[in-house]
Structures are given as C-alpha cells and as structure tokens.
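The chains referred to below are lettered A, B, ... by the order of the sequence lines, with proteins before strands, and numbering in each begins at 1.
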Amino acid sequence: MPELPEVEVVRRGLQTWVSGRTIADVQVLHPRAIRRHLAGAEDFAARLGDRTVGDACRRGKYLWLPLTDTDTSVLGHLGMSGQLLVQPQDTADEKHLRIRIRFADALGTELRFVDQRTFGGLSLHENAPDGLPDVLSHIARDPLDPLFDDAAFHAAIRARRTTVKRALLDQSLISGVGNIYADEALWRARIHYERPTATLTRPRSAELLRHVRGVMTAALAVGGTTFDSLYVNVNGESGYFDRSLDAYGREDQPCRRCGTPMRRRPWMNRSSYFCPRCQRVPRTPS
DNA sequence: AACTGCACCTGGTAGC
DNA sequence: TGCTACCAGGTGCAGT
C-alpha cells in the first residue's frame with residue numbers, strides 16, 4: 001500500500017530511468033487505468049506521442065511527469081496496488097499490466113503501469129500557474145516538503161471538529177499519510193486515534209508531526225536501498241513493512257514499549273491498531 | 001460549509 | 001471441494 005515514502009522511491013526511479021526520454025507510443029490495456037483522463041484512451045495516447053518527459057515530481061502520494069514544451073503533465077496515482085515498472089521490452093507482460101509506454105530511443109526499456117485492483121491510474125492535465133497539475137489544487141504539501149507550514153497545520157487542525165487520525169488522512173490538511181503510517185506515527189506519539197484535534201496543544205501537534213516525519217524518513221531510508229537497478233519498484237513489500245512496523249498489523253502482539261497486547265478496532269471500513277495502555281482513549285465531555 | 005459514509009476494485013483467505 | 005463472506009484502503013463525491 002504505497003504511501004509517501006514508497007511513492008518517493010518511485011519518483012526517484014522515474015527521474016533516473018524515464019526523465020529526458022521521448023515517448024514513441026502508448027498502449028492503454030484497461031480503460032479504468034485512465035478513467036481520470038476524461039477524453040479517453042485514444043486522446044491520452046495521442047497527446048503523449050512524440051513528447052519528451054521532464055523532471056519527475058511528487059506531492060503526497062501523487063506523481064507527475066511534465067511534458068516539455070507543453071503546459072501539461074502526466075499525472076499518476078498508484079492507488080492501492082499500482083506499480084510503475086521500467087522493464088526490458090522483451091519481458092513478458094505482467095498479469096495486471098494496464099498501460100505500456102514505449103520510448104523513441106534505443107535503450108530497450110519501456111514504462112509499464114501495473115495495477116491489480118485498478119484504484120490507481122494515469123491521466124493528462126493542464127499545469128496550474130504554480131506548475132502543479134490543476135487537479136492537485138486541493139492537495140496540501142506533504143510533511144517532507146520544506147515549505148510545509150507547521151504552524152498553519154496546527155491552526156488548521158485546532159479549528160476542525162474532527163479526530164486526529166481523520167485529520168492525518170485528510171489530504172487537504174497534510175498529504176502523503178495513509179492508514180499504515182498514521183497508526184505508526186500515533187503509536188510513536190502515544191496519541192489515541194480518536195482524540196479530538198481540538199484537544200491537541202501546540203507541543204503535542206509538533207510532536208505528532210515529528211513522528212510522522214520520523215516514520216516516513218525511516219521508511220524512505222529502507223525503501224531507497226532496494227532501488228538500485230533498472231527497475232522502478234513499489235510493491236508495499238519492502239523490508240520496512242516486515243521488520244519495522246510497531247503498530248500496524250500487530251493485533252494481539254505485545255506493544256514494543258510496554259508489552260501490553262496491541263488491539264485492532266474497525267474504523268472507517270478499515271482498521272486502527274493501537275496500544276490500549278500507551279494510547280489511552282480520550283475522555284470526551286461531549 | 002463542515003463533516004460523514006460509502007462505492008469503486010480484485011485476489012487471498014477463512015469458514016462452512 | 002466449492003461456495004460465500006470478508007478483508008485490504010486512497011480517493012472523490014453524495015448525503016447530512
């Protein structure tokens with residue numbers, strides 16, 4: 001399940017193996033993969049043809065590739081299960097290959113969008129004046145962005161009448177955080193996922209942000225080490241997921257701080273994992 | 001306007 | 001064995 005660190009690994013891969021190359025042709029093998037490109041598959045392919053790819057960019061979980069000499073970008077989101085792979089052209093098609101992009105050079109590789117559950121996809125958009133694809137106007141900066149405004153974040157969540165995990169997953173407040181890293185950061189900060197944001201003091205929200213950054217930076221360090229080949233990879237199975245998670249997926253296993261069995265609770269058609277001792281349920285005088 | 005809840009997907013697995 | 005039910009969850013939008 002790609003969140004910000006995994007997407008950043010993919011961005012780096014695209015920058016290394018795709019930026020600067022000129023597109024020869026595009027095959028859309030599943031229409032749902034370009035459903036956000038409203039003009040359809042033929043239009044998508046035609047607009048990419050003969051265009052050159054600029055520097056790979058990211059905000060939160062969104063990736064985009066500007067097309068040089070145009071005011072447009074190819075926007076990508078990996079959804080739940082998406083992968084962007086740079087493969088030798090003679091590699092057999094993946095079972096869930098959705099989009100193939102061939103290049104006009106002789107490097108012998110192509111870019112493939114593979115996605116089992118088809119929550120992700122590619123689309124082409126006009127760039128807004130700030131250079132971002134126009135459809136990203138509602139996506140906040142992510143916590144690894146140097147221009148992320150910690151004070152504004154604190155003020156925004158204090159003004160909301162919602163709970164802290166909802167706020168962490170609200171991409172208009174802070175982008176790039178998903179269910180896994182939200183639980184990890186809340187465990188590190190010893191905050192219960194249902195704590196009202198209005199109860200967070202400035203030091204507590206600062207501490208939470210520090211842990212969000214800490215868990216993402218650690219994941220990025222691990223994910224980054226596996227990426228040193230002709231392969232832009234994201235599969236949610238990096239070593240980080242197996243070895244380093246303290247909360248997510250650890251139901252009934254001892255808390256790594258206090259030994260209390262961790263709990264899982266249904267939450268928003270998902271799950272929240274937490275330590276019932278370290279992360280006390282807030283008393284809510286409604 | 002701010003907030004809540006759900007549809008969209010498919011493969012793996014648990015249960016019967 | 002073969003069927004059903006459920007789970008994973010990011011996003012956008014309909015509904016309140």
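- Direction of the helix axis in the helix from B:dA2-C:dT16 to B:dC16-C:dG2 shifts by 50° between the two five-pair termini, rounded to 10°.
- A salt bridge does not link A:R257 to A:D246: none of the charged side-chain nitrogens sits closer than 4.0 Å to a carboxylate oxygen.
- Nucleotides of DNA chain B nearest to A:R270 and A:R160 differ in position, and the one nearer the 5' end is that of A:R160.
- Figure legend: cation-pi geometry between A:R256 and A:W187 absent, as NZ or CZ is not positioned both under 6.0 Å from the six-membered ring centre and within 45° of its axis.
- Here the side chain of A:R264 is nearest to one of C:dG12, C:dA8, C:dG10, namely C:dA8.
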Show me the side-chain donor-acceptor pairs of residues 127-134 of chain A shorter than 3.5 Å, one per line, residues at least two apart or across chains.
residue	atom	partner	partner atom	Å
A:N127	OD1	A:S73	OG	2.7
A:N127	ND2	A:D71	O	3.4
A:D130	OD1	A:L132	N	3.0

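- Distance A:Q116 CD to B:dG12 C1': 9 Å, rounded to the nearest Å.
- The side chain of A:R36 lies closest to C:dG12 when the candidates are B:dC8, C:dG12, B:dG11.
- Using a 4.0 Å cut-off between a side-chain N of Lys or Arg and a carboxylate O of Asp or Glu, A:D115 and A:R98 do not qualify as a salt bridge.
- Ion pairing of A:D252 with A:R264 is absent here, as no side-chain N (NZ or NE/NH1/NH2) approaches a carboxylate O to less than 4.0 Å.
- The pair A:R213-A:D150 counts as a salt bridge, with a side-chain nitrogen and a carboxylate oxygen less than 4.0 angstrom apart.
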Dump every N/O contact between nucleotides 13-16 of chain C and the protein below 3.5 Å, one line per pair.
none

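- Here C:dG9 is the nucleotide among B:dG5, C:dG9, B:dT10 with the atom lying nearest to any side-chain atom of A:I180.
- Look at CG on A:D183: it is 11 Å from P on C:dA8, rounded to the nearest Å.
- The pair A:E8-A:R12 meets the salt-bridge criterion, with a side-chain N (NZ, NE, NH1 or NH2) lying under 4.0 Å from an Asp/Glu carboxylate O.
- In this model, a side-chain donor or acceptor of A:R117 finds a partner on the base of C:dA8 within 3.5 Å.
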